[in-house]
Amino acid sequence: MRYPFAEIEPKWRKIWEDKKLYKTDLSKIDNKLYTLVMFIYPSGAKLHCGHWYNYAPTDTWARYKKLKGFNVFEPMGYDAFGLPAENYAIKTGIHPYDSTMKNIADIRSQLKNMGCMYDWDAELMTCVPEYYKWNQWLFIQLYKRGLAYRKNAPVNWCTSCNTVLANEQVLSDGNCERCGSQVIQKNLTQWFFKITDYAEELLQGLETINWPEKTKLMQRNWIGKSVGAEINFKVENSDETISVFTTRPDTLFGVTYVVLAPEHSLVDKLVTAENKKAVADYRDQTRKLTEIERTSTIKEKTGVPIGAFAINPMNGERIPIWIADYALLTYGTGCVMAVPAHDERDFEFATKFALPIRRVILQDGIKESDELKEAFTETGTMVNSNQFDGLRSDEGKQKIIAYLEETDFGKRKINFRLRDWLISRQRYWGTPIPVIHCDHCGEVLVEEKDLPVELPYDVDFKSQGVSPLARNENFINVKCPKCGADAKREADTMDTFVDSSWYYFRYLNPHFSEDIFDKSKTDNWVPVDMYVGGAEHATMHLLYARFIHKFLRDLGYNNSDEPFKNLVHQGTITNQGAKMSKSKGNVVNPDDFTVEYGADVFRLYLMFMGPYELGGDWSEKGIAGTERFVQRVYDLFTSHENIAKEISIKEKYDLQYLSDTEKIIYRKINQTIAKYDGELNHFRFNTAIASLMELINELKALPNCGKEIQVYTLERLAILLAAMAPHLAEECWQIIGKEKTIFENPIWFDADKDALTEDVANIAVQISGKLRATIQIPMNSDEAAVKAAVYTHERVTKWIEGKTIVKEIFVKNKIFNVVVK
RNA sequence: GCCGGAGUGGCGGAAUUGGUAGACGCGCUGGACUCAAAAUCCAGUAUGGCUCAAACCAUGUGCCGGUUCGAGUCCGGCCUUCGGUACCA
């Protein structure tokens, strides 16, 4: 009989639901385990194979832990605010709220068909006031502590989304992370969260969490800590000073010019009359470039002198001040001390504009008179540096900093690449920022008692270039809470990454109305023990969440330093080499497969494809293999109906009382348990399934075993299957006569350690490292016994005939190698 | 350019600390069952040589070299590819 998945799967899902098996008792905190996948964006494309690939294996891991006795909490929810819903509204006129709710309903039913053990009572969505009210509350707390602020700055503007983007949300090709359109620079007044205040802690915290090294490295690079000094250069005939950041104070004697970012405010103050025109032209030219053109390393260096001169604090030397677009306003002080001899960029620039190049660090093994063909950027011996001559440059670095601090010309400084998180968006479908702008009082926070600032439903989406909220009179006009005068609400909404930076707290009490979450609960359950999601969030969501987590800790709202103790990234499933997306038209619909093969077969197939972290290109070629496997399992159980009712079995059997066949089966099931356990624990689903397939191949001999061993084996097999293919396993468990469902009464059988090893070992016999024979010998035989067997083997005698034995290498139970000459 | 991962049969992929390369699955070939087909079951399946066949021999984990009794695994130098990053002073 063909495995009747279409009847079985809904049947078990109903039983699980009726018995409320997956509702987690949050009051039981011994053995608590919080397993989380990144919540879903409810797009119109619904669930695709990539989602399944994220959720189904993670659910297998969660079930495995549940079987092993953990009190597992596995929730699911919807990251429901965001641009696509709004863009869809502009195109079709369907309101984002309506389309999002429709999508959520569809996706929820798809999710339920996967058979994951989500606690549906914990379900949440971010687009309802009940949730986003607390984004606003969070904003207010940040604001009150100076961590939310507004400033005018050059920002990334997506020409298609008509909104600003955070740095993290601009791809390295200069395009929008969401839509791929061109991003340009605009000067705008925007809201920021001061994530930089936590830069050092965000860096240090990485040491304490079990995340993929790759991801931690990406965060380290993104945070970009540099240790060096800030040095002040006096400007000739001026009261102004130019402050630069450098990691190489040891090269200070080699500075031959200073570069300011073209937009730097000092430029206007310092430019001389005869250079005004050239400077203005150059600034115009710079403004026209996109960020990516401007920062391209391939682009030839450009710049103009501004006519003013700075004074080197070390030697009083007079050096020209230039502006050049390779100095970035947004990094460090926006000013660079140029040392052409020891910096590649400065070298290139100086060469092009015939500026002097002075060597102050001598490379080991090179004479001072040798020509300098390229910048030398490593450590060496200091030269041309007065009292510092002869020092190693790393030592000199410290000495120079000390000297600068004494003479007040500079100080030790740590600089970060990380910028503050730009959170305002000029769009409708997001959390309104709880601020009121009053002509008299300026920025005024909405009071906590007046939260939430509700997002109005009736808005006009057709207003190109202007946020729909900005044009909504009912929303925008308000009285100032301080003075009562007419005032305007902030029209920007928050980046949706604000929503996702604390949602893992909210799952534990999604409808709690007293506060952002119930600390008495979250303290017991947060941090998340296992977090699974895409690696593309490395420097966005995963960084923001860590920041907000630390902020909430500092507010006294939680007692841990990090939100996600363990992190796993599933690999990306591509189709014909491209990431699945509706716009590319290469989305594979999982429903097609669940209709044809059932959810369990599909789950198994996704897990069997390859290493979880690797992903791969979609192909349905091998699905027949997992289907056959499931069919064979089902047949095996149906041919042993009710057997567990008739026979009672022991927990452990002594191998010596078993028949030869029973011995083989008994060993195999226990070896499989041991192997499977280890593989599953580390998300190695493919090899775990392979071990089950090996087992099922071996179980062809099961009919030749006594009934006790049959029951012993089938019980264990059903439990092993339960994590991977829960519907199938429940059915099999019932077929052999079990009354309670597996997940009602989770159990795990540990492997019988006495049954893991074989009686005999296959030993590879090598002659000079080449395999020439294998011998079978009792397990753990000593060298003498193996040697005796080796030298009586005809293949060995043949190969060593006429040769001298130089050496013998013996590795117990593995190898005997005879080295001959 | 820099940083990181990955290169193993026709395909997806296995291989504790260096210790019998190719587990498991797909596909393919042959056979059984069938009037026939599908499904299922059984056997075979890295390449080359020599064989009716088996046995046997040689080669083989991106390329070149090294360490070792022994290298997919370690070291040095490349190539390809996929991510990340992009003048960060």
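Letters A, B, ... mirror the listed sequences (proteins, then strands); counts begin at 1.
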Have a look at [X] and say if it touches a base, only the backbone sugar-phosphate, or nothing, with a 4.0 Å heavy-atom cut-off.
X         : value
Lys413(A) : nothing
Trp618(A) : nothing
Ile815(A) : base
Thr247(A) : sugar-phosphate
Ser619(A) : nothing
Arg628(A) : sugar-phosphate

Under 4.0 Å between a side-chain N or O of [X] and OP1 or OP2 of [N]?
X         : N      : result
Arg632(A) : C24(B) : no
Asn415(A) : C88(B) : no
Thr687(A) : C24(B) : no

What heavy-atom pair brings Ser385(A) and Phe253(A) nearest, and what distance separates the two atoms?
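For Ser385(A) and Phe253(A), the tightest heavy-atom pair comes out as CB-CD1, 3.4 Å.
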If I pick the [atom1] atom on [M] and the same atom on [N], what distance separates them, to the nearest angstrom?
N      : M      : atom1 : result
G76(B) : U17(B) : C1'   : 23 Å
G70(B) : A53(B) : P     : 35 Å
G13(B) : C3(B)  : C1'   : 28 Å
U16(B) : G72(B) : C1'   : 15 Å
U47(B) : C42(B) : C1'   : 27 Å
U67(B) : C56(B) : C1'   : 32 Å
U51(B) : C57(B) : C1'   : 12 Å
C28(B) : U85(B) : C1'   : 45 Å

Distance only, no hydrogens: is a donor on one side chain within 3.5 Å (strictly under) of an acceptor on the other, for Asp420(A) and Thr196(A)?
yes
Quick one: does Gln766(A) reach the base of G19(B) with a side-chain donor-acceptor pair under 3.5 Å?
yes
U68(B) base to Lys807(A) side chain: any donor-acceptor pair below 3.5 Å?
no
Output yes when a side-chain donor or acceptor of [X] lies under 3.5 Å from a complementary backbone atom of [Y], and no otherwise.
X         : Y         : result
Tyr326(A) : Ala261(A) : no
Asn704(A) : Thr661(A) : no
His793(A) : Arg795(A) : yes
Asp250(A) : Asp394(A) : no
Ser639(A) : Asp635(A) : yes

Closest to the Leu217(A) side chain, choosing from C69(B), C3(B), A15(B):
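So the side chain of Leu217(A) is nearest to C3(B).
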Give the rounded distance in Å between these two atoms: CZ of Arg684(A) and C1' of A15(B).
12 Å
If you assign Gly622(A) and Glu344(A) each to the RNA chain B nucleotide with the nearest heavy atom, which residue ends up on the more 5' nucleotide?
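Its nearest nucleotide lies further toward 5', so the answer is Glu344(A).
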Nearest-nucleotide wise, let me know which of Lys621(A) and Asn817(A) is further upstream toward the 5' end of RNA chain B.
Lys621(A)
What do you reckon, are the aromatic ring centroids of Tyr612(A) and Phe685(A) less than 6.0 Å apart?
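That pair passes the under 6.0 Å test.
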Per-nucleotide pairing state of RNA chain B [Watson-Crick or G-U, under 3.5 Å; [ ] pseudoknot-crossing; | other strand]
(((((((..(((......[....)))((((((.......))))))((((......))))..(((((..]....))))))))))))....
